[in-house]
Amino acid sequence: MAPSSRTPEAAARPLPDGEPGAAMRYRLRAERERRGLSLRKLAAEVGISASALSQIETGRSRPSVTTLYALVSALGLSLDALFADDRATRDGAATEAQGDGPVAGDDAWTPAGGGAALGTFIRRARGRESLEFTSGVRWEQLNAPGDPVEVLWLTYQPGSASGREGEFMRHAGREYGIVISGRLAVSIWFETYELAPGDAISFASTAPHHLRAIGAEPAHAVWFLLSDEACSNSGRASHNS
């Protein structure tokens, strides 16, 4: 049985609005208040103290990956909603496919007949939307805003993990990942799989799981998160092909 997800959050200075995580904390607080939930009630539901939740919402601490998943599940939010609001990139900065194309340093939509939703989106390596977690874990968003699949560039610094040892997370959907550099240990139920560069893994997100970096080098991986709806659509497409 997976242990409780009660996690002490690491204290930090308040994060300026421009730093990674600013949009995340505002979205979490706004949705909690919209649902009429007190700090104490939501904190009890996800297994942390009201003080820890308040520090996350005010930018005085960052959550662990485990805690963030618990909050997202409790509030009915998508991960996509926690990244900075870049709908302006979709709606106001769509770039016509002309001349030399999009400016090299900018994210951009290239319209394809039906507008941005059916076009090509370029996510530049520099300045990607990101989320920072405790212990040196960082997510960077690779997919376009609103895509049915969340695609993340994961960075696990040496010694970092998704939560404390023995602390598992579980949520809806399915995950696929491939390690680019470093080594990553993925524990699922009672088994731990060590992944080296080029190794890939897939599993049901409903299974209790835990990720941690192995060795003295940072682990980098590309991770795909599919919702239950996306998995269902994929299954229907395979069945009909």
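Side chains of I56 and L68 form no contact here, defined as non-hydrogen atoms less than 4.5 Å apart. Inter-residue side-chain proximity for Y156 and V179 is flagged as unmet; no heavy-atom pair is nearer than 4.5 Å. Put simply, the side chain of V137 does not reach to within 4.5 Å of the side chain of L211, judged on heavy atoms. In this structure, W223 and V151 have side chains that are not in contact, with every pair of non-hydrogen atoms separated by 4.5 Å or more.
Ring planes of F168 and H210: tilted class, angle from 30 to 60°.
Summarising the local packing, CZ of R40 is surrounded by 12 or fewer heavy atoms from other residues, nucleotides or ligands at distances under 6.0 Å. By the 6.0 Å contact criterion, CD on E33 is enclosed, its count of non-hydrogen atoms from other residues, nucleotides or ligands being greater than 12.
For residues 188-214, the salt bridge (Lys or Arg N to Asp or Glu O under 4.0 Å) pairs, not counting sequence neighbours, are R183-E194.
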Between H209 and H171, does a side chain to side chain contact (heavy atoms under 4.5 Å, CB included) hold up when you go through it step by step?
CA-CA 10 Å; H209 54 284; H171 49 93; 3.5 Å; yes
Could you check E45 against K41 for salt bridge (charged side-chain N to carboxylate O under 4.0 Å, His left out), going step by step and ending with a plain yes or no?
CA-CA 6 Å; E45 187 172 342; K41 183 174 178 58; 5.7 Å; no
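Evaluated for a side-chain hydrogen bond (donor to acceptor under 3.5 Å, both in side chains) with T155, the options H220, E132, R138 yield exactly one hit, H220.
Atom CG of L71 is separated from atom CZ of R27 by 15.0 Å, given to the nearest 0.5 angstrom. Rounded to the nearest 0.5 Å, atoms CD (E167) and OG1 (T67) are 6.5 Å apart. Rounded to the nearest 0.5 Å, atoms CG (D147) and OG (S78) are 11.5 Å apart.
The backbone N or O of P208 sits nowhere less than 3.5 Å from a side-chain atom of R170 that would complete a donor-acceptor pair. Using a distance-only test at 3.5 Å, with no hydrogens or angles considered, a donor-acceptor pair links the side chain of T66 to the main chain of S162. A donor-acceptor pair is defined here as one N or O able to donate and one able to accept, closer than 3.5 Å; such a pair exists between the side chain of S73 and the backbone of Y69. R128 contributes no side-chain N or O that, together with a main-chain N or O of R123, makes up a donor-acceptor pair within less than 3.5 Å.
Under the 6.0 Å cut-off for aromatic ring centres, F133 and W139 qualify, their centroids lying closer than that.
Hydrophobic clustering of Ile, Leu, Val, Met, Phe, Trp and Tyr side chains at less than 4.5 Å, counting indirect connections, unites L37 with L39.
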